[in-house]
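Read through the structure below, which is laid out as C-alpha cells, and then see the notes.
Only heavy atoms go into these numbers, but all of them, side chains included; no hydrogens, no water, no symmetry mates. Numbering starts at 1 and runs along the sequence shown.
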Amino acid sequence: MKNINFRKLLPEESKIYRTIRLESLEKFPDSFGANYQEALKIEKFPMESHIEEQTKERFVFGAFTDEELIGICSFVKGEDNTGNIYQMYVKNEFQGKNIGQGLLEAVIEEASHTYHGIEILLEVTPGNDKAYKLYKKAGFLEIKSSTTENISNITMKYQV
C-alpha cells in the first residue's frame, strides 16, 4: 500500500472536496442525511467556502495517496466547548486499511490542539456497523442525544 498523508484541505482543493463529497452521497445515500440529486443542484457547498476561507472553526481533513484524495472528515466547532464531526468518508477501495482511523485521529488532534478540552460529537446511522465500530475503536462512546434533530441516529462522544 502506498503512503497515506492526512492533512487539512487547502483553499485550492475545494473542488476535489466537492467531487468526493458527491461520490459519498451517491454511494451511501442513507448514511449522510443528504440527497445526491439535490446536492448536484447546489452551486457551492458551504464546506467548500470554509475550505477556501481556512477558518479554524470549520475544516476538512483529507486522506491522500500520492496526489489523490481518497477520504474526507469534516469538523465544525459548536457552542461552548463542543465540536462535531461530519462527512466521514473513505473511498470503497481504500476501506479496511485504517484510513478512516487516521482521518479521525488527525481531526481530533487538530481540534484538541485548537480547543483544549473540547468534547467532540458525531452521529452514525443505525445499521452502519463499519462506521460504528470505527468510531468505538477511535474512542467514541455512545451517548443519549440531547437534541431531537435526528432521533433515529446514534450520537457518540469523544472527550479530549
Side-chain angles (χ1 to χ4, degrees), residues 1-34 36 39 45-78 82-143 153-160:
M1 171 124 201
K2 299 175 185 177
N3 286 339
I4 305 297
N5 180 29
F6 303 99
R7 63 170 173 78
K8 259 192 211 180
L9 294 187
L10 303 172
E12 61 271 17
E13 293 172 324
S14 66
K15 295 298 180 225
I16 63 169
Y17 157 79
R18 180 182 182 83
T19 301
I20 198 169
R21 176 66 178 143
L22 286 169
E23 177 184 311
S24 72
L25 296 176
E26 184 177 33
K27 294 193 180 215
F28 298 96
D30 296 334
S31 297
F32 290 105
Y36 172 72
F45 298 143
M47 198 56 82
E48 286 179 87
S49 296
H50 299 307
I51 292 167
E52 292 165 2
E53 295 162 8
Q54 293 289 294
T55 64
K56 70 177 185 172
E57 294 85 14
R58 298 170 184 261
F59 59 82
V60 179
F61 259 73
F64 292 84
T65 178
D66 295 325
E67 297 300 314
E68 180 187 4
L69 179 62
I70 60 169
I72 55 172
C73 185
S74 301
F75 174 84
V76 176
K77 174 77 171 71
T82 64
N84 293 280
I85 287 180
Y86 298 107
Q87 304 177 0
M88 176 71 186
Y89 174 70
V90 174
K91 288 186 173 196
N92 198 43
E93 63 268 29
F94 294 96
Q95 291 181 9
K97 299 176 178 9
N98 292 322
I99 294 167
Q101 179 90 19
L103 272 170
L104 281 172
E105 289 171 359
V107 169
I108 290 167
E109 184 177 324
E110 179 72 20
S112 63
H113 176 74
T114 305
Y115 305 103
H116 300 286
I118 192 166
E119 183 177 90
I120 301 172
L121 302 169
L122 59 76
E123 289 185 353
V124 62
T125 308
N128 189 349
D129 296 336
K130 282 168 90 175
Y132 184 83
K133 287 176 186 171
L134 168 65
Y135 302 144
K136 290 284 281 186
K137 184 178 173 185
F140 283 85
L141 302 174
E142 190 173 336
I143 62 167
N153 283 347
I154 299 165
T155 302
M156 301 181 84
K157 174 177 83 169
Y158 184 95
Q159 183 73 45
V160 177

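- Atom CG of Asn128 and atom CD1 of Ile154 lie 9.0 Å apart (nearest 0.5 Å).
- Not a single donor-acceptor pair under 3.5 Å links the side chain of Glu48 to the backbone N or O of Tyr17.
- Residues forming a salt bridge (charged side-chain N to carboxylate O under 4.0 Å, His left out) with Arg21 (at least two apart in sequence, or on another chain): none.
- In Glu67, the CD atom is not crowded: 12 or fewer heavy atoms of neighbouring residues, nucleotides or ligands sit closer than 6.0 Å.
- When all heavy atoms of Met88 and Leu134 are compared, the pair lying nearest together is CE-CD2, 3.9 Å.
- Taken from CD1 in Ile16 to CG in Leu69, the straight-line distance is 4.5 Å, to the nearest 0.5 Å.
- Taking Glu68 as the reference, Lys91 meet the salt bridge (charged side-chain N to carboxylate O under 4.0 Å, His left out) condition, with sequence neighbours excluded.
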**OP:** Kindly determine whether Ile118 and Phe75 satisfy side-chain contact (heavy atoms from CB on, under 4.5 Å), including the steps that lead there.
**Re:** CA-CA 12 Å; Ile118 192 166; Phe75 174 84; 3.8 Å; yes

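- Separating the CD1 atom in Ile120 from the OG1 atom in Thr82 is a distance of 10.0 Å, to the nearest 0.5 Å.
- Considering all non-hydrogen atoms of both residues, Val124 and Ala131 come closest at CG2-CB, 3.8 Å.
- With contacts defined as side-chain heavy-atom distances shorter than 4.5 Å, the pair Glu105/Asn98 does not qualify.
- Note that CG of Leu103 and CD of Gln87 are 12.5 Å apart. Values are rounded to the nearest 0.5 Å.
- Pairing each heavy atom of Val76 with each of Met47, the nearest pair is CG2-CE, 3.8 Å.
- Checked against Thr65 for a side chain to side chain contact (heavy atoms under 4.5 Å, CB included), the options Ile70, Asn3, Ile99, Asn5 give a single hit: Ile70.
- Applying the side-chain contact (heavy atoms from CB on, under 4.5 Å) criterion to Glu53, with sequence neighbours excluded, gives Ser49, His50, Thr55.
- Listed for the Ser112 side chain is a donor-acceptor partner under 3.5 Å among the backbone atoms of Glu109.
- Under the 4.5 Å side-chain criterion, counting only non-hydrogen atoms from C-beta, Leu9 is in contact with Phe64.
- Residues Ile51 and Leu10 share a closest heavy-atom pair of CG2-O, 3.3 Å.
- Ring pair Tyr158/Phe140 is tilted by interplanar angle, where 30° to 60° counts as tilted.
- Rounding to the nearest 0.5 angstrom, the gap separating the CE atom in Met156 from the CG atom in Leu141 is 7.0 Å.
- Using a 4.5 Å cut-off on side-chain heavy atoms (C-beta onward), Glu110 and Phe59 make contact.
- Between Ala39 and Leu22, the shortest heavy-atom contact is CB-CD2, 3.8 Å.
- The shortest heavy-atom contact between Val60 and Ser74 is CG2-OG, 3.3 Å.
- Residue Lys15 places its NZ atom among more than 12 non-hydrogen atoms of other residues, nucleotides or ligands, all under 6.0 Å distant.
- For Lys27, the NZ atom counts as loosely surrounded, since its 6.0 Å shell holds 12 or fewer non-hydrogen atoms of other residues, nucleotides or ligands.
- The line from CD of Gln54 to NZ of Lys8 is 6.0 Å long, rounded to the nearest 0.5 Å.
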